[in-house]
Amino acid sequence: WPPPALPAPLAGGRLDSREARRNALDALAAQPVERLLIAIDGRLSPDRGALALIAETSRYAHRLGVWLMRADEDTERSAYWRDALGQTGIPATDQFTNDAMAAAWLENADD
């Protein structure tokens with residue numbers, strides 16, 4: 001991590017512990033961003049904790065995108081993610097299933 005399509009300075013790291021999540025949220029609160037891209041393993045099921053973290057991070061970004069990595073490996077689960085993200089307020093236009101689309105969205109600041 002990060003994948004080659006994303007420059008390293010933009011990577012916020014893995015948020016796989018309570019401390020990592022808190023540190024990331026504190027950093028975002030101190031310096032909100034124009035765009036924030038969250039990458040999630042699309043093979044996993046959407047759960048309340050992940051969705052709550054996505055909703056919480058959205059407060060610190062003007063626009064929030066979600067990249068469902070490996071979503072093509074489990075299209076049924078990907079559909080669950082898309083539905084859950086839509087209910088969280090993330091429009092389909094800000095949900096991505098490949099790195100090129102995610103990187104293009106992240107770099108496109110004129111919309």
### Task
Starting from the C-alpha separation in whole Å, work towards a yes-or-no answer on side-chain contact (heavy atoms from CB on, under 4.5 Å) for Trp67 and Ile40.
CA-CA 6 Å; Trp67 175 17; Ile40 2 181; over 6 Å; no
### Short side-chain to backbone donor-acceptor contact, Ser78 and Asp74, under 3.5 Å
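Absent.
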### Task
Could you tell me whether a side-chain N or O of Thr75 sits under 3.5 Å from a main-chain N or O of Asp72, the two making a donor and an acceptor?
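Side chain of Thr75 to backbone of Asp72: no pair is present.
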### Message
Rounded at 0.5 Å granularity, tell me how far CG in Leu53 sits from OG1 in Thr88.
### Response
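Nearest 0.5 Å value for the CG-OG1 distance: 11.5 Å.
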### Query
Roughly how far apart are Arg59 CZ and Leu64 CG, rounded to 0.5 Å?
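Output value for this atom pair is 12.5 Å.
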Please report the shortest heavy-atom distance between [X] and [Y], naming the atom on each side.
{"X": "Pro32", "Y": "Ala29", "result": "CD-O, 3.9 Å"}
{"X": "Ala100", "Y": "Asn98", "result": "N-OD1, 3.1 Å"}
{"X": "Arg82", "Y": "Phe96", "result": "NH2-C, 4.5 Å"}

### Task
Flag the pair Gln95 / Ile90 as yes when at least one side-chain heavy-atom distance between them is below 4.5 Å, and no otherwise.
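Yes, their side chains come closer than 4.5 Å.
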### Test side-chain contact (heavy atoms from CB on, under 4.5 Å) applied to Ala20 - qualifying residues, sequence neighbours left out
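Once residues adjacent in sequence are excluded, the partners of Ala20 under the side-chain contact (heavy atoms from CB on, under 4.5 Å) criterion are Leu15, Ser17.
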#### Entry: Qualifying salt bridge (Lys or Arg N to Asp or Glu O under 4.0 Å) pairs with a residue from residues 83-92, counting only residues at least two apart or across chains
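Non-adjacent pairs meeting salt bridge (Lys or Arg N to Asp or Glu O under 4.0 Å): zero.
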### Task
Start with the C-alpha distance between Trp105 and Asp94, add both sets of side-chain angles, then the distance that settles side chain to side chain donor-acceptor pair (under 3.5 Å), and finish with yes or no.
CA-CA 8 Å; Trp105 176 88; Asp94 293 345; 3.1 Å; yes
### Message
The test is side-chain contact (heavy atoms from CB on, under 4.5 Å); show your working for Thr97 and Arg70 and say whether it passes.
### Response
CA-CA 7 Å; Thr97 55; Arg70 301 182 190 102; over 6 Å; no
Under 3.5 Å, side-chain donor or acceptor atoms of residues 42-51 against the rest of the protein: list the pairs with distances, not counting sequence neighbours.
residue : atom : partner : partner atom : Å
Arg43   : NE   : Asp41   : OD1          : 2.9
Arg43   : NE   : Asp41   : OD2          : 3.4
Arg43   : NH1  : Glu73   : OE1          : 3.4
Arg43   : NH2  : Asp41   : OD2          : 2.7
Ser45   : OG   : Arg77   : NE           : 3.1
Asp47   : OD1  : Gly49   : N            : 3.0
Asp47   : OD1  : Ala50   : N            : 2.7

### Message
What verdict does the side-chain contact (heavy atoms from CB on, under 4.5 Å) test give for His62 and Val33, after you've listed the backbone C-alpha separation in whole Å, the side-chain angles of each residue and the deciding distance to 0.1 Å?
### Response
CA-CA 7 Å; His62 179 37; Val33 295; over 6 Å; no
### Query
Which is it for Arg63 and Leu36 under the side-chain contact (heavy atoms from CB on, under 4.5 Å) test, yes or no, and what are the steps along the way?
CA-CA 6 Å; Arg63 293 272 310 269; Leu36 178 64; over 6 Å; no
